[in-house]
**Student:** 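Here you go, one structure.
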Amino acid sequence: MVGVAHLEVPLRAAEGQERNGQEEEQVLESNIREGVLEWWGCRHTLCLMGFLGTATAYTVRTSLSIAIVAMVGVRAPNLTTAANISAEEGDVCPRPVDADTSSALGPEGEFDWDERTQGVILGAFFYGYTSSNFVGGRAAEYLGGRLVYGLGITISALLTFVTPFCARWAMEVLVALRVVEGFAQGVMFPAIISMLATWTSPRGKGAGKFTTFVHTGIQFGNIASLSLSGVLCSSGFLGGWPSVFYVFGALGLLWGVSWFLLVHDRPETHPRISRRELQHIQACKNAVKSDVVVPLPWREIVTSPPFWSIFLMNWASSYGLYTLMNGLPTYLRNIQHFNMSSSGVVSAAPYLSMWIVSIVWSVILDRLATTKVMSVKMVRRVSTAFASYGQTTFLLLLCLVECNHTLVIVLLCAAVGASGTLFAGYNSSHQDIAPNLAGSLKGITNTFGSVAGVVAPSVTGYVTQNNQTIGAWRVVFIVTAVTYFVMGTIYLFLMTDQVQPWNEPKENTARKGKRDSTDSSSENQDC
């Protein structure tokens, strides 16, 4: 009896440990279903580093457009005939009576580059950028988004750091450097989309905020570059304009070290991920990217209406972005006669409004989606519709405003700000329809979207060539507004939030399709 009693003690202890383990497992599974997770996890670190990486890339991208003014100095403006016509005779705003025309002249810079040469230097970036988007998407799916995204931004930061040396060597060397820099950054968005598709589900709690927050690094980078580049150029720090490249290049290299130390490709291989967060991500396995590389089903993609809805909306978004980004300085200077010496704040204001709208919108809609008030499909539609029709409205209203400076700035901030909702809209649709191919799809759509960086300025230049008038700029704004309206409407009719059959390898499609039809919906609800 004594032996039996001694034997029962460890048995009861073992049974108690087993029950405690089962209870902990049940509590863990219950917490996962209810979305109870740590306030900060590895996917949050990925999101933060993605935001800082995107911001770093855009400071690197736009820094030259500010620094080049100091590099070449301020020259006498070459005003067109239309700009010299009086307000009574021509379709232009009257020049302010207190305008100081002498301020248009200033000291010569270090480089003797005319406007055409400056255009070649600034445009060189997009030749490289356009050519590497698709490569970046496929490379991220084969090699991992961590390596591709990290190297893309780190290499571009290193090239930025040596930009002053290359500029002083030869103009041709600087052009070649910008092409390579653009190629390095072209892999950025396809790679980070692939990473987000691996770590977050469109139906998971907070997923909409992750994608939006990463992309708001664009506005943050533009604001930082526009605000700080002018200050650095006018200071004596590290020689003035070279300090722009040294500072932003060094920050990019520092980010690169942090990225490779903190971020990993997949949740399963992350050494510091918690069990709870890992199971939360794995519960969404039908809506996140698997570790299997899927060959591109070109025929299915080309004949897919949801893909074309994303493709066309991406073109409209890119066309509008590049039209306003490249054309607004000329419009404000030649038509509205803004004093461009203080244009840093004016140029940054629309991006600040876009940043605020992006964050506030994503928080509100994520809450509505989490509480099942809105479906993922409705979130995509409402976000894209608000951006498309909102920008259409504000640009058309801008055509009615002639010389009211305050209204011009308000409408420009409203138009650019409205586009901030696109990150929760079509920009997240790549993962919705094909999480395994999200990087490649982003690479395809962004490649053709980058072509808009060439087309949009060309259209604007064709319309306004020797015709810097209010009427000519009305045409520019109307063409952009119509593009938004038409493409946005097409997206609303063709889009879907359902994973497409071609997301899986062909040999697994039929078997997986049968399984998904029975248990996919329940898994997506749990995650």
Side-chain angles (χ1 to χ4, degrees), residues 41-61 128-162 179-200 210-211 213-215 217-218 221 249-273 277-278 281 288-296 430-431 434-447 450:
C42 294
R43 66 194 191 285
H44 299 95
T45 301
L46 166 66
C47 177
L48 176 61
M49 292 304 298
F51 165 81
L52 294 176
T54 304
T56 299
Y58 268 77
T59 59
V60 166
R61 179 185 301 196
Y129 184 79
T130 302
S131 62
S132 64
N133 271 267
F134 177 72
V135 175
R138 291 308 282 170
E141 289 163 3
Y142 277 94
L143 304 176
R146 172 178 178 262
L147 178 65
V148 176
Y149 186 76
L151 284 181
I153 298 179
T154 304
I155 290 174
S156 66
L158 178 61
L159 294 175
T160 298
F161 195 84
V162 301
V179 172
V180 177
E181 191 174 286
F183 186 91
Q185 282 202 20
V187 306
M188 178 178 66
F189 284 118
I192 196 62
I193 287 293
S194 180
M195 290 286 288
L196 290 171
T198 303
W199 281 84
T200 66
F210 291 151
T211 302
F213 187 67
V214 168
H215 282 85
I218 298 173
L251 289 175
L253 294 175
L254 180 62
W255 172 89
V257 174
S258 303
W259 168 265
F260 285 108
L261 289 176
L262 298 175
V263 176
H264 291 262
D265 277 315
R266 297 196 59 82
E268 300 87 350
T269 60
H270 201 297
R272 295 179 296 275
I273 192 171
E277 184 179 16
L278 178 59
I281 296 172
V288 297
K289 183 181 180 299
S290 69
D291 57 355
V292 177
V293 178
V294 179
L296 272 178
H430 303 83
Q431 181 181 352
N436 288 332
L437 297 167
S440 293
L441 295 185
K442 183 64 176 179
I444 296 171
T445 58
N446 220 37
T447 295
S450 301

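In this text, all values refer to a predicted model and were calculated from it rather than measured experimentally.
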**Student:** Rounded to the nearest 0.5 Å, how far does CG of Leu278 lie from CZ of Arg43?
**Tutor:** 11.0 Å
**Student:** Among pairs that include at least one residue of residues 179-192, which meet salt bridge (Lys or Arg N to Asp or Glu O under 4.0 Å), considering only residues two or more places apart or in two chains?
**Tutor:** Arg178-Glu181
**Student:** Working to the nearest 0.5 Å, report the span between CG of Leu437 and CD of Gln431.
**Tutor:** 12.0 Å
**Student:** For the residue pair Thr130 and Thr447, establish whether any side-chain heavy-atom pair is separated by less than 4.5 Å.
**Tutor:** yes
**Student:** In Å, rounded to the nearest 0.5 Å, how long is the span from CG of Asp265 to CG of Leu147?
**Tutor:** 8.0 Å
**Student:** Going from CG on Leu52 to CG on Leu251, what distance comes out if it is rounded to the nearest 0.5 angstrom?
**Tutor:** 10.5 Å
**Student:** At their closest point, which heavy atom of Met188 faces which heavy atom of Tyr58, and how far apart are they?
**Tutor:** CE-CE1, 4.1 Å
**Student:** Name all residues meeting the side chain to side chain donor-acceptor pair (under 3.5 Å) criterion together with Ser156; count only those two or more places apart in sequence or in a different chain, and write none if there are none.
**Tutor:** none
**Student:** Determine whether the aromatic ring centres of residues Phe51 and Trp255 are separated by less than 6.0 angstrom.
**Tutor:** no
**Student:** Hey, does Arg138 have a side-chain heavy atom less than 4.5 Å from the side chain of Leu296?
**Tutor:** yes
**Student:** Kindly determine whether Met195 and Val263 satisfy side chain to side chain contact (heavy atoms under 4.5 Å, CB included), including the steps that lead there.
**Tutor:** CA-CA 10 Å; Met195 290 286 288; Val263 176; 3.6 Å; yes
**Student:** What distance separates Leu46 CG from Leu262 CG, expressed to the nearest 0.5 Å?
**Tutor:** 10.5 Å
